[in-house]
Structures are given as structure tokens and as C-alpha cells.
Novice: 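Quick one: structure below, then a few questions.
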Amino acid sequence: MEINETHPFDLAPAEAVRLQETLRKRISLSGDIDEVTLLAGADASYAKGSNEIHAVVVVLRYPDLTVVERVSASIETSFPYIPGLLTFREGPALLEAFRRLRSEPDVIFFDGQGIAHPRGLGIASHMGVLLDRPTVGVAKSLLVGTVTEPGPARGSTSPVLRNGETIGMAVRTKERTKPVYVSVGHRIDLLSAVDLVLATARGYRLPEPTRQAHLFANTVRREGDRGERQTSLPSG
DNA sequence: GCGACAG
DNA sequence: ATCTTGTCGC
């Protein structure tokens, strides 16, 4: 798909922080997604001692969740993992994967935070602005904010608070399983994001787009890019 | 200064 | 995130 804009990623941490504070102002916390037909999950994987990031994007048709396209991109990185600056490590590889994508997903799920971030610009929000697409952050743990344990039933939610403001939602996607933390990335509202996550979490803790991206990213890291393309095309 | 800290 | 085998529970 078309990347709306980009910027240098090889910045010093202090400069990266300044860039986040600027980009943050362009996030939209609402959106009108009249019909979701294609959902995408994006994720990255890498070997312990290596600086090569393997990023992937997997597109699924909604609501059947059939995988219709998978792309990957492996890129060398020098930026280390620093809490709050994850985008500067995984961003370049993810953007290259998106450039190779033919589909135009209606909503994209990312592994990590949306606005539930120290400067309100987690990887889902950052990528959302650069792609100019609706994005959602689906994290397995919290970076900032506080939350009370949601109820035990699947579908239970509990707001993630920060300074009295709701910045995300803890969502129980599966019974007897730790919740995931959903936050708005860009151009979507929190309730719609939570609904989509619950609608696509089928039998596992992680929603299918994210889960499929995880699986494919690991395959690419272990077996390399096999030049895989779409397995089918979206039909009416 | 100390502890916390997405992936 | 990754390194790693088996193991306990649903």
C-alpha cells in the first residue's frame, strides 16, 4: 500500500522524542469506518544477537478471517530497544513491508501501544499517522497507566487510566487468560477498536490479525522470506 | 537518586 | 523480543 509520508528514523533518542511530540498532535481519536472488509496485523521478530528485523503484515478478510495476503521485509537496524521508542527500532522494517503490500486494509492492528504511551504516540499511532490509515494498538503488557483487573468473563473490560483520563482498555479476550491492552492508534475510536479486537479474538488471547502476524514473523525469521503472496483475493 | 519500562 | 523442555491445567 501507499505510504503517506516518512521521516528519518536514525535519530538520537532525544531527537526521536521531539519528533514523537510533534507527530502526536496529528492523531485522530475518532473515525468513521463504515464497513470493515479487510483487517491487517503487523508484527516484527528478530534473533537475539542479530540486528536484522523481520517485519510482516498479514491481511485477513472480515468477518471470516481468511488470510488473503502476507508480505515481509527484513532490514538491518542499529537502534536498540528503548521503552517508549520502539517505533525507531521496528518502524523502518514495518514500513518496507507495507510498501510491498498490495491490499488496502481498512484497519491495522499493531503489536504494542497506540496512545497509551509516555508521549501519546506508541507504534500503532506513529504508523497510523505515516500510513494515514485507521490503526489499533494491541499490547500484551502496559507501558504507562493504571488499570484494575477486568472481570473473569470473556468480553470483560476495564479502562486504562492516566491522570484521570481513559487512554485505553484492558480486554479479556479469553477466560482464565491475562487481558490484552487496547488503545487507539489513529482514526478510530476506542469502543470500535475494542469491539474489533473482541470480534477477531477467536479461541486465543490475541486477535487473529495479530496472532497470524506473530506466526508469520517467526516463520520468516526461521526460514527466511519465501516470496509468499496472497492466497486469495477479496471477493464481494 | 530510585524504580518502571510496549517489543 | 529471544533463549528453551517439560509440564500442569483447561
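When reading the values below, keep in mind they use all heavy atoms of this one structure, side chains included, and skip hydrogens, waters and symmetry mates. None of these values were measured; they are calculated from a predicted model. Lettering follows sequence order; numbering is per chain, from 1.
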Novice: For a quick check, with a 4.0 angstrom heavy-atom cut-off, what is the B/S/- contact string for nucleotides 2-7 of chain B, read 5' to 3'?
Specialist: ---BBB

Novice: Sort and list the pairs that fulfil side chain to side chain donor-acceptor pair (under 3.5 Å) and have at least one residue in residues 25-34 of chain A, not counting sequence neighbours.
Specialist: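 Qualifying pairs, neighbours excluded: A:Glu5-A:Arg26.
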
Novice: Just N and O in the side chain of A:Asn218: are any of them under 4.0 Å from OP1 or OP2 of C:dA1?
Specialist: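 For A:Asn218, the contact criterion (side-chain N or O under 4.0 Å from OP1 or OP2 of C:dA1) is not met.
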
Novice: Between protein and nucleotides 5-10 of chain C, map the contacts as a letter string: B base, S sugar-phosphate only, - none, heavy atoms under 4.0 Å, written 5' to 3'.
Specialist: -----S

Novice: With a 4.0 Å cut-off on heavy atoms, is A:Arg221 in touch with a base, just the backbone sugar-phosphate, or nothing at all?
Specialist: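 The answer is sugar-phosphate, as A:Arg221 gets under 4.0 Å only of primed atoms, P, OP1 or OP2.
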
Novice: Mind checking what makes side-chain hydrogen bond (donor to acceptor under 3.5 Å, both in side chains) contact with A:Arg99, not counting sequence neighbours?
Specialist: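 For A:Arg99, the residues satisfying side-chain hydrogen bond (donor to acceptor under 3.5 Å, both in side chains) (neighbours in sequence not counted) are A:Glu96.
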
Novice: Among residues 189-198 of chain A, which contact DNA chain B at a heavy-atom distance under 4.0 Å?
Specialist: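 Contacts with DNA chain B under 4.0 Å: none.
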
Novice: With sequence neighbours excluded, tell me which residues meet side-chain contact (heavy atoms from CB on, under 4.5 Å) with A:Thr22.
Specialist: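 Listed in chain order: nothing, the list is empty.
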
Novice: Under the ring pair (Phe, Tyr, Trp, His ring centres under 6.0 Å) rule, what pairs show up with a residue in residues 38-63 of chain A, not counting sequence neighbours?
Specialist: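 For residues 38-63 of chain A: none.
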
Novice: Would you write out the dot-bracket form of DNA chain B, 5' to 3', with Watson-Crick and G-U pairs under 3.5 Å, [ ] for crossing pairs, | for pairs to other strands and . for unpaired bases?
Specialist: .......

Novice: Which of residues 147-158 of chain A sit near DNA chain B, with a heavy atom under 4.0 Å from it?
Specialist: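 Correct list: empty, so none.
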
Novice: Under 3.5 Å for both pairing distances: what stems, at least three Watson-Crick or G-U pairs long, include DNA chain C?
Specialist: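 Stem segments: none to report.
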
Novice: Using residues 7-21 of chain A as the side-chain source, report each donor-acceptor pair under 3.5 Å to any protein atom, sequence neighbours left out, with the distance given to one decimal.
Specialist:
{"from": "A:His7", "atom 1": "NE2", "to": "A:His126", "atom 2": "NE2", "distance (Å)": "2.9"}
{"from": "A:Glu15", "atom 1": "OE1", "to": "A:Ala12", "atom 2": "N", "distance (Å)": "3.0"}
{"from": "A:Gln20", "atom 1": "OE1", "to": "A:Arg119", "atom 2": "NE", "distance (Å)": "2.6"}
{"from": "A:Gln20", "atom 1": "OE1", "to": "A:Arg119", "atom 2": "NH2", "distance (Å)": "2.9"}
{"from": "A:Gln20", "atom 1": "NE2", "to": "A:Gly84", "atom 2": "O", "distance (Å)": "2.9"}

Novice: Give every donor-acceptor pair under 3.5 Å between a side-chain atom in residues 139-148 of chain A and any protein atom, sequence neighbours left out.
Specialist:
{"from": "A:Lys140", "atom 1": "NZ", "to": "A:Asp111", "atom 2": "OD2", "distance (Å)": "3.0"}
{"from": "A:Thr148", "atom 1": "OG1", "to": "A:Ser158", "atom 2": "OG", "distance (Å)": "2.9"}

